[in-house]
**Q** 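This is the structure I have questions about; it appears just below.
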Number of protein chains: 2
Amino acid sequence: MTFAYKYPRPATTVDCIVFGLDEDELKILLIQRALPPFESHWAIPGGYVNIDESLEKAALRELEEETGIGNVFLEQLYTFGDLGRDPRGRTITVSYYALVNLFDHIPHADSDAKNAGWFSIDNIPPLAFDHNKIIDTAIARLQGKIVYEPIGFELLPKKFTLLRLQKLYEIILCKKLDKRNFQKKILRMDILTQLDEIQKDVSHRAARLFQFNHERYLELKKGGFVFEL
Amino acid sequence: MTFAYKYPRPATTVDCIVFGLDEDELKILLIQRALPPFESHWAIPGGYVNIDESLEKAALRELEEETGIGNVFLEQLYTFGDLGRDPRGRTITVSYYALVNLFDHIPHADSDAKNAGWFSIDNIPPLAFDHNKIIDTAIARLQGKIVYEPIGFELLPKKFTLLRLQKLYEIILCKKLDKRNFQKKILRMDILTQLDEIQKDVSHRAARLFQFNHERYLELKKGGFVFEL
DNA sequence: ACAAAAGTGTTTGTTGTACACCCATGC
DNA sequence: GCATGGGTGTACAACAAACACTTTTGT
């Protein structure tokens, strides 16, 4: 059975850049393709959009199918549609990016993938299709966005120390920040809940744990507050 | 002749929100559809992507065909692909937004349109498809973007007064700005060239004209400068 | 002379930035 | 007792915000 149209149509895919924060590096989840084209090449997870599912649903489904990851922060990134970006024929891809807690997700290859793994963004191999370009776009977006929207928390566990949060910004923005100034700034915003809990299993004085207060943030935002680092 | 595929494919379109700045209002260029679906409804210009043209080329072509507008600032906005957004069948649309000097473009209906015109963003009629939603997205993007990228100039003639530039920001951001503070801030950036020319044909003291210095901006940007209002 | 907008400085408060030391804990 | 990060305050500079009057020009 085939589907026929009066005019030729590009194929439509979704691709998903998954960011995770390792101890000292920002990483991206890649899969190794099991099938041509670009068999054995590394690529970002993605696939064809079904005719009866929304773009976001398609992105979530592909993510789940290829990496087992679900229930994550997901946002549309950009749509790439240049001629020749897919050797199988004209294909446009709607890309999404996701932020996950890397330690919650041990990559395992699922359908269509012979392998999966986290790659440091400083060490991305040549990828299938125009995926290197997509990743560059995603990194730029992430760097732009974390300074004016509180999305960085999505990369951390629920409870975290202020130093860990600071490291997150340092890693993503590629620049050192001053500890005291950072803490003053972020605490002044009043969007973090200080917990009655401290770090465990560290070989030095244990730090206070904090939690992002999403409800508080929404309240403040309604009143005109804008997160800005 | 038809084109057949193994799996069903969504149709792919591009749509283009064209912003123009009238004396006291931000406006959007709309066309009145000559054909079903939504015949006689107002809509944003757009149409099907040809199989052999990039998305951006398609957006530029549709803009040219339907409104006669060419050579403009154009940037991808967002891709809308919900089920049911087009009664003809599954269609995803890659939307773009353009910034033009409104006084350079007297709207005239071209192909597929029985009419064309500028509409104040405070007075947009119910549009075809999900175009009202697309416009909302475009306005939010524009408001977010003009404060940290110098794109507002695209809405003005080459030469403009500082008050006109200030009005631009006031109109788009929907808030009053202080004249002296605004001038200090924008001049301190050193991205405007002061011309040896003043306004003509005004019934009051004529103001100095300025010009956006794009080369200077790129230089500064390379050195880490970020435009911010 | 009057209407309309141009042009221009200062003060005050807030925030950014730079910087250094003692503290608590685990090993 | 030492290594590691935790936790804290202050001084100075820069910028944001608020504010009012005189000048120029055309009608």
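Chain naming here is simple, since letters A, B, ... match the order of the sequence lines and numbering starts at 1 in each. Heavy-atom basis, side chains included; hydrogens, waters and symmetry copies ignored.
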**Q** Please find the earliest and latest nucleotides of DNA chain C, in the 5' to 3' direction, that have an atom within less than 4.0 Å of any heavy atom of chain B.
**A**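 Nucleotide range in contact with chain B: C:dA4 to C:dT10.
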**Q** Considering every strand and a 4.0 Å limit on heavy-atom distances, what is the contact class for B:Leu163: base, sugar-phosphate, or nothing?
**A**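 Sugar-phosphate only.
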**Q** With no hydrogens and no angle check, is any side-chain donor or acceptor of A:Glu25 less than 3.5 Å from a backbone partner on A:Ile121?
**A**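 No; judged by distance alone, with no hydrogens or angles, the pair does not exist.
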**Q** Could you report the tightest heavy-atom contact between A:Leu192 and A:Phe210, atom names first, then the distance?
**A**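 Heavy atoms only, the tightest pair is CB-CD2, 4.1 Å.
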**Q** Look only at the side chain of B:Trp118 and the backbone of B:His105, and say whether a donor-acceptor pair between them is shorter than 3.5 Å.
**A**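 Yes, because the side chain of B:Trp118 sits within donor-acceptor range (under 3.5 Å) of the backbone of B:His105.
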**Q** With distance as the sole test, does B:Gln211 use its side chain to make a donor-acceptor pair with the main-chain N or O of B:Lys158 at under 3.5 Å?
**A**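 Side chain of B:Gln211 to backbone of B:Lys158: no pair is present.
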**Q** Whole Å only: how far is the NZ atom of A:Lys179 from the P atom of D:dG7?
**A**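 To the nearest whole Å, that distance equals 8 Å.
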**Q** Report all side-chain donor-acceptor pairs from residues 217-229 of chain B shorter than 3.5 Å, counting only partners two or more places apart or in another chain.
**A**
residue, atom, partner, partner atom, Å
B:Glu219, OE1, B:Arg216, NH1, 3.3

**Q** Report the residues that fulfil salt bridge (charged side-chain N to carboxylate O under 4.0 Å, His left out) with B:Arg180, sequence neighbours left out, ordered by chain and then residue number.
**A**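 Salt bridge (charged side-chain N to carboxylate O under 4.0 Å, His left out) check on B:Arg180 returns nothing, list empty.
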**Q** In whole angstroms, how far is the P atom of D:dG7 from the CZ atom of A:Phe182?
**A**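 Between P of D:dG7 and CZ of A:Phe182: 14 Å.
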**Q** With sequence neighbours left out, what residues match A:Ala58 under side chain to side chain contact (heavy atoms under 4.5 Å, CB included)?
**A**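 Scan of A:Ala58 (side chain to side chain contact (heavy atoms under 4.5 Å, CB included), adjacent residues dropped) gives A:Val14, A:Val49, A:Glu53, A:Arg61.
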**Q** Quick one: does A:Glu66's side chain have a donor or acceptor within less than 3.5 Å of a partner on A:Gly46's backbone?
**A**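 At least one qualifying donor-acceptor pair exists.
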**Q** Going by heavy atoms closer than 4.0 Å, what residues in residues 195-207 of chain B are next to DNA chain D?
**A**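 Heavy-atom cutoff 4.0 Å gives B:Val202, B:Ser203, B:His204, B:Arg205.
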**Q** Mark yes or no for whether B:Thr93, through its side chain, and B:Ser95, through its backbone, hold a donor-acceptor pair below 3.5 Å.
**A**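 No.
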**Q** In the 5'-to-3' direction, what one-character label does each nucleotide of nucleotides 10-19 of chain D receive under the scheme B = base within less than 4.0 Å of a protein heavy atom, S = sugar-phosphate only, - = no such atom?
**A** B-----SBBB
**Q** I'd like to know if the side chain of B:His131 and the backbone of B:Ile44 have a donor-acceptor N/O pair within less than 3.5 Å.
**A**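 Checking the backbone N and O of B:Ile44 against the side chain of B:His131, a donor-acceptor pair under 3.5 Å is found.
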